[in-house]
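The next block holds one structure in the form of structure tokens; read it before the comments.
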Amino acid sequence: MCNDTIKDFIRERVARDIREERVSGGVVTRFPPEPNGYLHIGHAKSICLNFGIAEEFGGITYLRFDDTNPLSESESYVLAIQKDVRWLGFDWESRLTFASDYFPQLYEFAEELIKRGKAFVCDLSFEELQQSRGSLVEPGTVSPYRNREVEENLDLFRRMRGGEFPTGSKTLRAKIDMHAANINMRDPVLYRIIHAPHHRTDSNWCIYPMYDFTHCICDALEGVTHSLCTLEFADHRPLYDWVLENININFHPPQIEFSRLGLEYNVMSKRMLSQLVEKRYVSGWDDPRMPTLSGLRKRGVPPAAIRDFCNRVGVTKQNNNIETELLDFCIRNTLERTTRRAMAVKQPLAIEITNFEGDDLLLEAPWHPKNEELGVRTFTFGRTIYIDRDDFAMSPPPKFRRLVLGGLVRLRYAFIIECLDVESDEHGTVTKVFAKYFPSSKSGSDTSGLKPKGVIQFVAANNALNAKIHDYYRLFDVPTPRREQFEQEINPDSHVVHHGFVEKAVCSVSDSPSFQFERLGYYFSSPDDSPTQEHLVFHRTVPLSQGWKPKG
RNA sequence: UGGGGUGUGGCCAAGCGGUAAGGCAACGGGCUUUGAACCCGUCAUUCGCAGGUUCGAAUCCUGCCACCCCAGCCA
């Protein structure tokens, strides 16, 4: 974690507001997700910002669901989102709210607007409204219903609420300016008719308020001192302010925008993410390749790593596309000190130790090379052992420091071996290696005087447990997948499964699902995976950083 | 041809008129029974471009250029 005091333009603003006594009752922020999808790492940036600021300045944060559209929202998302926020490490305590909690008040404010002649009921169809809105360069045209009397508007609006009109047949619109350069100000829709049950209010309502009308009022009612949102809402700020200025409400939060998080080789749009799920490119919202919080969790990414990441990327208004290396760094950095080491082979290659006779030897190694508190584990060495295919080469590339025919290598925490011979199949693929070991070279008490160039991990046949090892790679082939063709840019090799072995000792650990398989990476045994008799299951959280790449 | 936002090294990002922080990546070296971790060191004469103001500009002014967002009864 970086311990430096975080500083960005929003925190500076908050600090200044406090200093100049503009926030009398303490800082209040909110995280306002719509329950129509799962949270992703971009949301984490917003969560860390909102909850982080409240923590730092002694304030409070609401978790408020922006549930004004019953057509796309549901209870299951509400639950999933709460789980993710909690997992990330934040607590809203008693401050769980829903925009739908405020439907009665919102309705009253709408009537107030009508009574003040600031809103009218419009009968324009969807297409007509779209037509009359104008374009980016042409002003809109005024609705023929704009001049209805207050009484008529009130009557119509009440009947809309009463369920007299079909879905989509009428809207309540703000009376602002059809000539406004900002399209959001061209008499925007405030309420629409939707005859559909809502996950919280069931069928109590058939009219639902729009985001622009709802969000600012909810912020004000909750006393939000700093309403933080992403840049695409900057154009909505004049409307946010207009609504609050035209109703009788005694609080007016400032809206402050920052840029959303971009992560290379990923997509962050809810639409694209749900496409990946629906079209089965991934196994679900929690697929370990997804940038969702549930996906990251399933991959074994610790929440602290995500928080660290969010703090490191900063908060500005610049468009950004963060390299995945930074996230990987944060993950390794938080896992490094506390994660047990173990040995595993992904693609087993058998070695017969020709000069080994009798029962396996019992050996010992620390769970962590530096953190002694983690203690030690035992494992065995015997006549048959497995190493990774990658750690043996008949024709090694330059600077290869592993096992070669006639060469020496150190088996991690065990002995030095020398490769004597190999056995190959008809394709020339090595199927078995014959080697001799040097009894005097035992780790910790080596008197052999031999100096092998490299060290590789191994698992003795008698100490091996079957393991299904999932390796994950980037989901996309390109740094910035394009909305129009992202399906063609999916990396077909983003998921590789190996049937390998891990040392038995991993089963004796119950307090942590994460291991660093030495020289391979950090792996995670997900509690979601149903345990089977045949094999253990591990997901690669992140590979180790590579100091040497084969093939140069 | 409208409105809003942004331009500092490969990716982020400080900088708020006094002579370019930091992180990641990369590269070089040390250490090493994980080619990991760890430790050293290198990495912007220059801040989108062009003018101007000033003793002095990434910071102020003017003009240009580039990129992102906006025409849901989505949020």
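A note on names: the letters A, B, ... follow the listed sequences, proteins ahead of strands, and every chain is numbered from 1.
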Does a nitrogen or oxygen in the side chain of Ser545(A) sit under 4.0 Å from OP1 or OP2 of A37(B)?
yes

In whole angstroms, how far is the P atom of U34(B) from the CZ atom of Phe458(A)?
14 Å

For the pair made of CZ in Arg13(A) and C1' in C16(B), what is the distance, rounded to whole Å?
17 Å

If you measure from the P atom in G48(B) to the same atom in U54(B), how many Å do you get, rounded?
23 Å

Grab the CD1-P distance between Ile417(A) and U33(B) for me, whole Å please.
18 Å

Strictly below 4.0 Å: does Gln130(A) bring a side-chain N or O up to OP1 or OP2 of G72(B)?
yes

Rounded to whole angstrom, note down the P distance from C43(B) over to A20(B).
14 Å

Nearest atoms (heavy-atom pairs only) where Leu411(A) meets Phe381(A)
CD1-CE1, 3.6 Å

Could you check how far CZ of Phe379(A) sits from P of U34(B), rounded to whole Å?
13 Å

For G56(B), which nucleotide in any strand shown is its Watson-Crick or wobble partner with both distances under 3.5 Å?
none

Can you tell me the base-pairing partner of C38(B)? Count Watson-Crick or G-U wobble geometry only, both distances below 3.5 Å, and say none if there is no partner.
G30(B)

Contact under 4.0 Å: Arg133(A) side-chain N or O vs C73(B) OP1/OP2
yes

Taking only side-chain nitrogens and oxygens of Arg186(A), does any of them come within less than 4.0 Å of OP1 or OP2 of G3(B)?
no

Whole-Å distance, Ile194(A) CD1 to A75(B) P, equals 8 Å

Is the base of G5(B) syn or anti, if syn means a glycosidic angle within 90° of 0?
anti

Under 4.0 angstrom between Ser72(A) side-chain N/O and C74(B) OP1 or OP2:
no

So, does Arg341(A) get its side chain near the phosphate of A36(B), meaning an N or O under 4.0 Å from OP1 or OP2?
no

Glu232(A) CD to C74(B) C1': how many Å, rounded?
12 Å

Between the side chain of Gln130(A) and the main-chain N/O of Glu127(A), is any donor-acceptor distance below 3.5 Å?
no

Taking only Lys NZ, Arg NE, NH1 and NH2, and the carboxylate oxygens of Asp or Glu, determine whether Asp17(A) and Arg13(A) approach each other closer than 4.0 Å.
yes

Check for me whether Arg200(A) meets the cation-pi criterion with Phe98(A), that is, NZ or CZ under 6.0 Å from the six-membered ring centre and within 45 degrees of the ring axis.
yes

Lys7(A) side-chain N/O to G15(B) phosphate OP1/OP2 under 4.0 Å
yes

Can you check the Asp328(A) CG to A37(B) P distance for me, whole Å?
12 Å

What is the pairing partner of G15(B), taking Watson-Crick or G-U wobble pairs with both distances under 3.5 Å in any strand?
U8(B)

Tell me whether the rings of Tyr107(A) and Trp205(A) are parallel (<30°), tilted (30 to 60°) or perpendicular (>60°).
tilted

